[in-house]
Each structure stands twice: as C-alpha cells, then as structure tokens.
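Notes follow once the structure below has been shown.
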Amino acid sequence: MARLNVVRLYGCVADEPKITKKNDGSTYVRGMCHLATIRSTRYSGETFGEKDRILYDWPIILTTDQEMIAKMDKFRQYDMVEIRGVFVVRKIRKQMYCKSCGALNKVEGNLSFVLPIFMERRNTAKEVLTEKQAVQEVIKNRMISNSILISGNLCNDVNYYHQKNIETAVYQIATDRRYFIRDDNPETRTDFPVVRSYGKNARQDNLCLHTGSLVTVDGFLHTRQFERKTICEACNTEFVWNDNTIEIVPYATDYMANYTDPETAEEERKQRLADEGDRLMETVLKN
C-alpha cells in the first residue's frame, strides 16, 4: 500500500497551546494547538475562479513526542511556525452534552491532525507579533502555507454531486503510516483521510476513479465544521451538535494504478448519454 504522506505548513499559532503533563509535572504527555494557514492561489475549483480570495484553514497540530512538546510549550499566540509532518486520522470517542437533559454522551468519531516531524518557530523569542503582523506574514508566504502530498488507494467508489454550478467528488483513501504514534493502538498502521475535489477535478475523478484506484494527491488541508445528530443515551432525545473534520482538497491528482483512462472515460460518458437519449426517444415514440 502507498506510504507517501507529507504535510508542509507555514502559519501563525492561532491559540495558546494546550500542554498536558503527568500529575507530578515532570514529564510532557501531549501538546496540541491550531495553526492559522492560508490557501495557495493555485486552482482547486472550490473558489470558482476567485484566485486571490484569502481563505483560512486551522489544522490541528498534535504530538506526544517530548522534544516537540517542549518546543510547542514555548509558542505564543501569533508566533510564526514552520512544520513538516504527516496527516493522521484517529478514531476516538467524542464527548458532547445533551441539549435536553444535559447528560454527557460519547459518540464514535474521527480526530484528524498533523503529527509534526519537524517544527520550528520562525520569529525570534524577543519578537512578539501582533495579529495584524502575523496575518501579513502568512499572506506573504501563502504559496507554502498549507500543502499536502499523499498517496492512497480508494476505499469506496466516488460520491459525485452536481448542484447548480457546483461539482463535488468525495472519496476516502487508505494510506500506510510511516511513523509510529506512541499513544495510539500499535496495531493501527493505516490512516483513512477523506478527499473532496471540486470543479473539473471532481468531474474527472468521478469518471476515472473507483474502489481500489491508487492516487497521489497534491493539495491542501481544509478544516470544516458540520452538524451531526445523536440520540441521547440518557433521555432518548435527538439533539444536534457541531463536529469538526479536516479533509484534503486537491490542486491536482495523479492517477497511478487501477483507474479508467480519462479519454476512455469521456468516451464511455458520451456513449451513456447517447444510449439514454435513444431510450428516451423509444419511450416517446411508443407513447
């Protein structure tokens, strides 16, 4: 299975890092923060031609490595940080409270984050940036602010949506881990990120890809919030809560193996349309 999984980020620390230590305070356990990044001006189809529009994403940076946590512990809000890492998707039990009775519920979900392999603050310890200065620095470096290069095999056929002028294709890929995550299940060796393509990329993905196709995606990490519904375990009432996810949006996708050639796929599409037209005409003539 594919093992290419490289994330590069350059952004500002969006909030104060959350650092967890053992009860005696002697050892780091976990470090987590959000990095504010800006998408490149490259075509992804999502902005429908508005290439200069400033669009932010806030990927989660999470680590259990002692050296990395020690670095993160020194970060301040609006510090400029450069990261090289891998994209990880972990199954967890998410906690939320019922809006009717207030009971705590735990629901199966995914935590998507960047595991840093390299992480450095780029402004000096004495150089404290304002929010405006940090934003200007990210905009100046937007071409390298948020990028991922990842390979994987499709776990499912493409789900394609075409509403008005919006074309979207959604599929999940499986990619093997190259790094061991200390506090995760040692038997977990594969991640299953979601890819969401737009425009002409989505149209071609729908024609060419299917379960088992091997792809390499050159894109960015898109953070998204969406509504989920849960039946309360205590009062059996349905309530709505907001979940968060990180998806991969491609700038370009290379089809590596087990796919339909784009030219062949286009011919098959035209033939299907022609066949549908013939069937429609036969129905009209019969009536």
Side-chain angles (χ1 to χ4, degrees), residues 5-22 25-40 54-96 109-142 144-148 150 177 179-184 191 193 220-225 242-249:
N5 183 346
V6 180
V7 177
R8 289 186 174 92
L9 303 173
Y10 183 79
C12 67
V13 178
D15 48 20
E16 292 295 329
K18 296 179 175 61
I19 306 297
T20 305
K21 297 181 179 181
K22 288 188 176 180
S26 62
T27 307
Y28 288 117
V29 176
R30 191 177 79 162
M32 183 178 73
C33 69
H34 292 83
L35 202 68
T37 64
I38 295 178
R39 301 172 206 174
S40 166
I54 302 298
L55 293 172
Y56 288 88
D57 289 290
W58 295 268
I60 296 173
I61 314 302
L62 190 151
T63 181
T64 57
D65 181 84
Q66 296 291 304
E67 181 181 348
M68 292 295 170
I69 303 174
K71 288 184 178 182
M72 188 181 291
D73 198 14
K74 297 177 181 178
F75 291 168
R76 303 157 302 197
Q77 190 175 27
Y78 308 133
D79 275 348
M80 297 304 306
V81 175
E82 181 180 355
I83 290 173
R84 178 186 170 98
V86 296
F87 187 47
V88 175
V89 181
R90 177 188 294 178
K91 289 190 175 297
I92 63 170
R93 298 272 288 175
K94 297 190 173 184
Q95 298 183 358
M96 73 292 304
N110 290 325
L111 174 64
S112 303
F113 60 93
V114 175
L115 176 73
I117 308 303
F118 167 88
M119 181 169 62
E120 291 291 343
R121 180 171 60 193
R122 287 313 185 198
N123 55 296
T124 65
K126 293 182 178 180
E127 186 182 9
V128 179
L129 301 179
T130 65
E131 180 180 5
K132 182 178 180 180
Q133 289 173 324
V135 168
Q136 290 175 340
E137 177 69 12
V138 181
I139 292 174
K140 185 174 69 175
N141 294 278
R142 66 184 298 183
I144 61 169
S145 180
N146 183 345
S147 67
I148 180 170
I150 189 169
R177 288 184 179 176
Y179 297 93
F180 174 73
I181 301 176
R182 182 180 302 169
D183 62 338
D184 206 356
D191 289 296
F220 64 89
L221 297 178
H222 173 40
T223 54
R224 185 171 68 88
Q225 188 176 83
N242 290 325
D243 199 356
N244 297 282
T245 189
I246 303 178
E247 298 172 335
I248 301 168
V249 177

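Just so it is clear, the values below take in all heavy atoms, side chains as well, and ignore hydrogens, waters and symmetry mates.
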Once rounded to the nearest 0.5 Å, what's the spacing between atom [atom1] of [X] and atom [atom2] of [Y]?
{"X": "N123", "Y": "Q133", "atom1": "CG", "atom2": "CD", "answer": "9.5 Å"}
{"X": "F220", "Y": "L55", "atom1": "CZ", "atom2": "CG", "answer": "7.5 Å"}
{"X": "R30", "Y": "D65", "atom1": "CZ", "atom2": "CG", "answer": "14.5 Å"}
{"X": "D191", "Y": "K91", "atom1": "CG", "atom2": "NZ", "answer": "11.0 Å"}
{"X": "Y78", "Y": "L129", "atom1": "OH", "atom2": "CG", "answer": "11.0 Å"}
{"X": "N141", "Y": "T37", "atom1": "CG", "atom2": "OG1", "answer": "12.5 Å"}

Please report the shortest heavy-atom distance between [X] and [Y], naming the atom on each side.
{"X": "L9", "Y": "S147", "result": "CD2-N, 4.4 Å"}
{"X": "P17", "Y": "C33", "result": "CA-CB, 3.9 Å"}
{"X": "V138", "Y": "C12", "result": "CG2-N, 3.9 Å"}
{"X": "Q66", "Y": "V29", "result": "NE2-N, 4.4 Å"}
{"X": "L111", "Y": "I92", "result": "CB-CD1, 3.7 Å"}
{"X": "I60", "Y": "M32", "result": "CG2-CG, 3.7 Å"}

Given 3.5 Å as the limit, does a donor-acceptor pair link the side chain of [X] with the main chain of [Y], or not?
{"X": "S145", "Y": "I38", "value": "yes"}
{"X": "N110", "Y": "S112", "value": "no"}
{"X": "R122", "Y": "V81", "value": "no"}
{"X": "N146", "Y": "R39", "value": "no"}
{"X": "D57", "Y": "T223", "value": "yes"}
{"X": "R76", "Y": "A125", "value": "yes"}

TODO: Go through I248 and L221 one step at a time and tell me if the side-chain contact (heavy atoms from CB on, under 4.5 Å) criterion holds.
DONE: CA-CA 5 Å; I248 301 168; L221 297 178; 4.1 Å; yes

- [ ] Show your reasoning for whether side-chain contact (heavy atoms from CB on, under 4.5 Å) applies to Y28 and M72.
- [x] CA-CA 11 Å; Y28 288 117; M72 188 181 291; over 6 Å; no

Set of salt bridge (Lys or Arg N to Asp or Glu O under 4.0 Å) partners for [X], sequence neighbours left out:
{"X": "K21", "answer": "none"}
{"X": "D73", "answer": "none"}
{"X": "R8", "answer": "none"}

TODO: Could you check K126, K71, R121 and say which one makes a salt bridge (charged side-chain N to carboxylate O under 4.0 Å, His left out) with D79?
DONE: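 Among the candidates, only R121 passes.
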
Open item on the list: Just so I know, are the side chains of I61 and M68 near enough to count as touching, which here means a heavy-atom distance under 4.5 Å?
Closed with: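 Answer no - side chains too far apart.
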
Open item on the list: Let's go through V7 and I83 carefully: what are the C-alpha distance in whole Å and the side-chain angles of both, what is the deciding distance for side-chain contact (heavy atoms from CB on, under 4.5 Å) to 0.1 Å, and is it a yes or a no?
Closed with: CA-CA 8 Å; V7 177; I83 290 173; 5.9 Å; no

Open item on the list: Once you measure the plane-to-plane angle for Y56 and W58, does it fall in the parallel (<30°), tilted (30-60°) or perpendicular (>60°) bin?
Closed with: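 Aromatic pair Y56/W58 classed parallel.
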
Open item on the list: Determine whether T20 and K18 satisfy the following criterion, side-chain contact (heavy atoms from CB on, under 4.5 Å), listing intermediate values before the conclusion.
Closed with: CA-CA 7 Å; T20 305; K18 296 179 175 61; 5.9 Å; no

- [ ] Might you confirm whether atom CD of Q225 has over 12 heavy atoms from other residues, nucleotides or ligands at distances under 6.0 Å?
- [x]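 Yes, CD of Q225 has more than 12 neighbouring heavy atoms, counting only those of other groups under 6.0 Å.
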
Open item on the list: Surrounding CD of E131 (heavy atoms of other residues, nucleotides or ligands, distance under 6.0 Å), is the total greater than 12?
Closed with: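 Result for CD/E131: open.
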
